[in-house]
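One structure is given below, encoded as structure tokens.
Numbering of residues begins at 1 and proceeds along the displayed sequence. For ligands, and for the atoms within them, numbers begin at 1 and follow the listed sequence.
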Amino acid sequence: MRIYDIISDKRDNKELTDEQIRFFVKGYTKGEIEHYHASALLMAIYLNGMTDRETVTLTKEMAESGDMLDLSAIDGITVDKHSTGGVGDKTTLIVAPIVASVGLKTAKMSGRGLGHTGGTIDKLESIDGFCTSLSPEIFIDKVKKHGICVVGQSGDLAPADKKIYALRDATATVGSMPLIASSIMSKKLAAGASCIVLDVKTGSGAFMKTPEDAEALSEKMVNIGKSAGRKVAAVISDMDTPLGKNIGNSLEVIEAVEVLKNGENSDLREVSLVLAGNIIALAEGISADEGIKKATAQLESGAAYEKFREFISAQGGDLRQIDDPSLFKQPLYSSDVLCAEDGFIGSMNAEMIGSASVILGAGRVKKDDPIDHSAGIILHRKTGDRVLKGEKIATLYTDSKESFDSAEKLIRQSITVTSEKIERPPLIYKVIY
Ligand code: URA
């Protein structure tokens with residue numbers, strides 16, 4: 001078999017065989033296929049797409065390119081949740097303890113933030129002492145004992161994806177539906193959980209800018225998961241406006257704790273309950289409505305908050321910060337963004353707001369950039385809210401005073417003020433099973 005023929009077949013829009021796909025994934029992972037050959041094939045896939053069978057095979061090969069986590073030592077149903085990435089998306093911190101509190105086993109590998117989107121590992125590491133790097137044995141042991149453990153992705157999980165993703169990034173081929181679906185699902189399959197709920201974001205702050213694209217991606221990923229014998233659902237949720245009011249690592253932990261303490265109704269609470277409810281529904285074979293009811297009861301009774309505290313403590317986190325947020329490292333400076341006119345917030349561009357938080361120090365431009373866990377933004381107004389001239393729309397937090405001007409400029413550009421009240425887009429568009 002020659003990589004040249006695989007490229008020319010895809011270029012001519014022919015369906016690749018399983019053997020051809022295996023040859024490419026194995027060869028490229030081992031370094032036996034040149035980057036220029038792999039680049040040409042990725043571009044042919046980007047332009048001509050892949051059939052469902054090709055996408056399933058590509059995912060399976062990528063998943064099996066490294067360690068496949070064996071969770072069989074864990075009694076009970078293992079569950080996982082994955083977000084396609086957003087701004088202010090701290091749902092894992094709420095969903096994982098809710099589902100663990102009903103007895104499901106959350107064995108979760110999470111990522112760090114990159115670009116305008118945040119990552120769960122950075123958020124958890126804003127808690128003093130919290131350890132996100134554990135051996136597979138300790139990871140499994142903690143899931144057995146506490147029903148929940150969240151760690152960073154292990155070095156050898158789906159190494160083919162790591163290599164292919166880096167090449168896609170450099171060759172303008174990231175935005176391909178089969179390549180995104182196989183990239184995400186290869187890691188989910190390798191991480192081993194039997195029930196997986198995907199939170200597929202749509203809107204200005206998401207990969208998928210339209211609900212139609214989010215639905216197409218969801219269908220592909222659900223199909224891949226089912227073909228691998230897993231139970232999978234995809235919740236399509238809004239990421240046009242940031243989720244919740246806090247953006248930035250410790251700020252997001254603090255907001256998640258407010259929801260877990262059964263704080264007021266909010267978009268964050270609603271999306272978290274739908275995600276948790278769908279995980280419970282998949283795992284227990286009940287309807288989504290019944291699952292959401294169960295999730296709500298766990299939140300309202302305080303059981304989810306108790307589980308959260310157990311989880312933070314089990315991974316070495318300082319519970320005093322959970323009880324008293326003023327004990328988190330505090331930013332040196334803060335600055336308010338005031339509204340320039342009376343009206344209603346017509347829209348908020350989540351990507352720009354995420355980029356403003358990166359400028360303040362909360363995120364990274366490059367993979368290994370350092371971050372400031374205390375930096376970020378609190379939004380005082382969201383899409384659809386009434387605003388008056390001179391009122392605070394947002395407060396910015398940072399250790400580097402020089403970043404205020406450009407962050408404020410971006411926040412102002414991200415927000416439109418209209419004279420008529422605009423309804424916020426739906427929070428949940430659809431659930432795909
Ligand atoms: N997230 C991933 O893990 N892979 C992609 O291709 C896109 C988003």
Test side chain to side chain donor-acceptor pair (under 3.5 Å) applied to His146 and Gln315, Lys105, Glu310, the passing residue: Glu310
Are any of the N/O atoms in Thr84 less than 3.5 Å from those in ligand 1? no
So do the side chains of Lys201 and Ser237 get within less than 4.5 Å of each other, counting heavy atoms only? yes
Under 3.5 Å, is there a donor-acceptor pair between the Asn278 and Tyr433 side chains? yes
Assess the side chains of Lys209 and Thr202: does a donor N or O sit below 3.5 Å from an acceptor N or O? no
Which residue owns the protein heavy atom closest to [atom], what's the atom, and how far is it?
{"atom": "atom 3 (O) of ligand 1", "value": "Lys187 NZ, 2.5 Å"}
{"atom": "atom 8 (C) of ligand 1", "value": "Phe207 CE1, 3.4 Å"}
{"atom": "atom 4 (N) of ligand 1", "value": "Ser183 OG, 2.6 Å"}

Just wondering, are more than 12 heavy atoms of other shown residues or ligands nearer than 6.0 Å to CG in Asp12? yes
Return yes when Val174 approaches ligand 1 closer than 4.0 angstrom through a heavy atom, no otherwise. no
Can a non-hydrogen atom of Ile184 be found less than 4.0 Å from any atom of ligand 1? yes
